[in-house]
Colleague: 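The structure that follows is given in the form of structure tokens.
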Amino acid sequence: MRRAGLIKPLLRINNHKSRVWKENYATHIDTDYAECLLDPKEYLDFKRQLRQISVHPKDGHTCLQLECRLCERNRQPAAAQTRGGTAEQGLLAYVNKRTGAFICPNCDLKTSLANALAAYQVPTPAGYQRPPQKKPVYETRFPNLIDVTPEACDALGIKGLKESQLNAIGAQFEPEQNLLHFKLRNAAQQVVGEKVLHLSDRHEETFQGTTISGLLVHGTGNKSKAVLVSNLIDFIVLSSQNLETHCIVCLPYELKMLPQECLPGLERFKELVFWLHYDSSHNWDAARAFAQKIDEKRCLLIRPTETEPAPHLALRRRLNLRHILLKATPVRHKAITTFGAMKNDILSELQNIEKVNGVKWKRFPVLNKLLKGHRRGELTILTGPTGSGKTTFMSEYSLDLAMQGVSTLWGSFEIRNTRLAATLLRQYVGYPLDNKLQEFHHWATEFERMPLYFMTFHGQQPLKPVLEAIEHASYVHDVMHVIIDNLQFMMGVSSMRGDKFWEQDAIIAAFRSFATKHNVHVTLVMHPRKERQEDDLTTSSVFGTAKATQEADNVLIIQDKRLTSVRGKKYLQIAKNRYSGDLGIMPLEFDKEALSYSSQIQNAKRRKEKVEPATEA
Ligand SMILES: Nc1ncnc2c1ncn2[C@@H]1O[C@H](COP(=O)(O)OP(=O)(O)OP(=O)(O)O)[C@@H](O)[C@H]1O
């Protein structure tokens, strides 16, 4: 299996309300699986092999569904398969059509296509070892569960809800911790995790075993439609409506991520309606991102407006839930559309303009004033003189967003990942740890929970493998922000003909279309042309032709006047801002201790020094 530029994942997935710490991807995982990219040739080989042994997989929405030949319990020799007949359907396995991941929910197995292939070859290759088998046995963290009590039901504050309804949808109550508990099941209906709702403050936690394939589904197996909700309150509200046509599915990690391991559990639905509660700016586009993952053709969306809010808000406002459900519209507009078809989209954006503006920086209020926020699907260019702090600034800029849940992938071709991660950690902590090593484990454990991923490419890289790795990461890890530092490292190695400006334009165009198509924010760090130090850099200072700054939505330039005048300052210039048009500058005072440009951190330090003047060394 060809390995992409392996994305070294931080294997902790933690969203602010739920903490899922997965030590590894699955019980039986071959070490290469984690970040393998599907090799189309291998995929075609696999399908050809299946045909040769008369195994006919079902081509599902996101996965091939086929009998698992790795399951002990499926030990029907190939001959037992009546040719074209309806041999007893064995236990199903799923091959993800985007990543090639081979997932069997019955024996909790996840491996690469290459490893699974051997189990389907006839005769079985000499020396082939069937992976160790075990049924997914999930040990609950809540042993003292009881039926939901009337008091617990009342604590939810959902008008008209009875505890019998909660018990009927699989809820249980944990009296000591005062929480409602739901089991998460995989595509084979095996319990693989649990999701709890703390009645005291309504926060949710998700716990899964070694796979992250669990979903919470209410409804009979014969329903081919489902409503996808993002939290347990909405799940309870809709499940208690007993909708005749739809199952209700609660996403396991709210709007933070939708693991590919969950996709087999959604294969049986022909129609999926996203009815989400957007509780923060960084997940405003979650439905569109998830729809791309689960096959947009079967996805409808209820766009949040005052008259069509999230289910629990609609119930509170006595709105007709069934009526709202009927108004769901396709996620993707057809090639040709009309204002009427977009009207609800526009109204929804106008009524949620703060979320549409994107994620606000906590460390750079001036950026919020000018750029309004950080939005998915945009292309940003950052340039500045050599050694001016582009990487350092982008490190803190991306850290600020990741701390708010923006899943981020770094492509650091210039400095090593370890040095970049050390810079990020220092900016996160606010001071160097080299003489406080006893604090390292604490901070590293905190830091690891952030959705930060690093490509393992280093030095000159052709465009193709980089784009493949980014595409894979945006699918598997729901990445929202990609940083390429810096673009010049992709020059001169691509198989493109033409001069270096033509080559750079082609690279810029590729990232532009990626950002738009996958709705991912791409930030390109670029060197400026060689210019005289005393001249201000401008948008035309960006290396290459004007295409880069024409294609970009935002152009940020670090100007360093300290080099050319006594009172010169260093500042960040917003030289282009397509979204709101505001241009301007943000002073960059550097705090060497924290490697930080944040005015918030500088002010906090000054306040602290006023209160506790630095003791004499
Ligand atoms: N404003 C500043 N004042 C002093 N030192 C700084 C400042 N900004 C960054 N540095 C330090 O300068 C060094 C270079 O910073 P950085 O690598 O971010 O610059 P760069 O613009 O990315 O460099 P290059 O052009 O090589 O990519 C780092 O050690 C960083 O800590």
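One-based numbering, in listed order, for ligands and for the atoms of each. Bear in mind that the values here come from a model prediction, so they are computed numbers and not experimental data.
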Colleague: Can you list everything that forms a salt bridge (charged side-chain N to carboxylate O under 4.0 Å, His left out) with Arg363? Sequence neighbours excluded, please.
Modeller: Glu396

Colleague: Are any of the side-chain nitrogens in Glu414 or Arg419 under 4.0 Å away from the carboxylate oxygens of its partner?
Modeller: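 So Glu414 does not pair with Arg419 through a salt bridge.
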
Colleague: Strictly by modelled atom types, are Asn357 and Tyr579 linked by a side-chain donor-acceptor pair under 3.5 Å?
Modeller: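 Looking only at side-chain atoms, Tyr579 and Asn357 do form a donor-acceptor pair, the distance falling under 3.5 Å.
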
Colleague: Using a strict cut-off of under 4.0 Å between a residue heavy atom and any atom of ligand 1, list the qualifying protein residues by chain and number.
Modeller: Pro385, Thr386, Gly387, Ser388, Gly389, Lys390, Thr391, Thr392, Glu414, His527, Arg562, Lys570, Phe590, Lys592, Leu595, Tyr597

Colleague: With sequence neighbours left out, what residues match Leu350 under side chain to side chain contact (heavy atoms under 4.5 Å, CB included)?
Modeller: Ile346

Colleague: Quick one: do the His481 and Ser398 side chains pair a donor with an acceptor below 3.5 Å?
Modeller: no

Colleague: My understanding is that only residues two or more places apart in sequence, or in another chain, count here; which of them pass salt bridge (charged side-chain N to carboxylate O under 4.0 Å, His left out) with Lys293?
Modeller: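 Residues passing salt bridge (charged side-chain N to carboxylate O under 4.0 Å, His left out) with Lys293: Asp478.
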
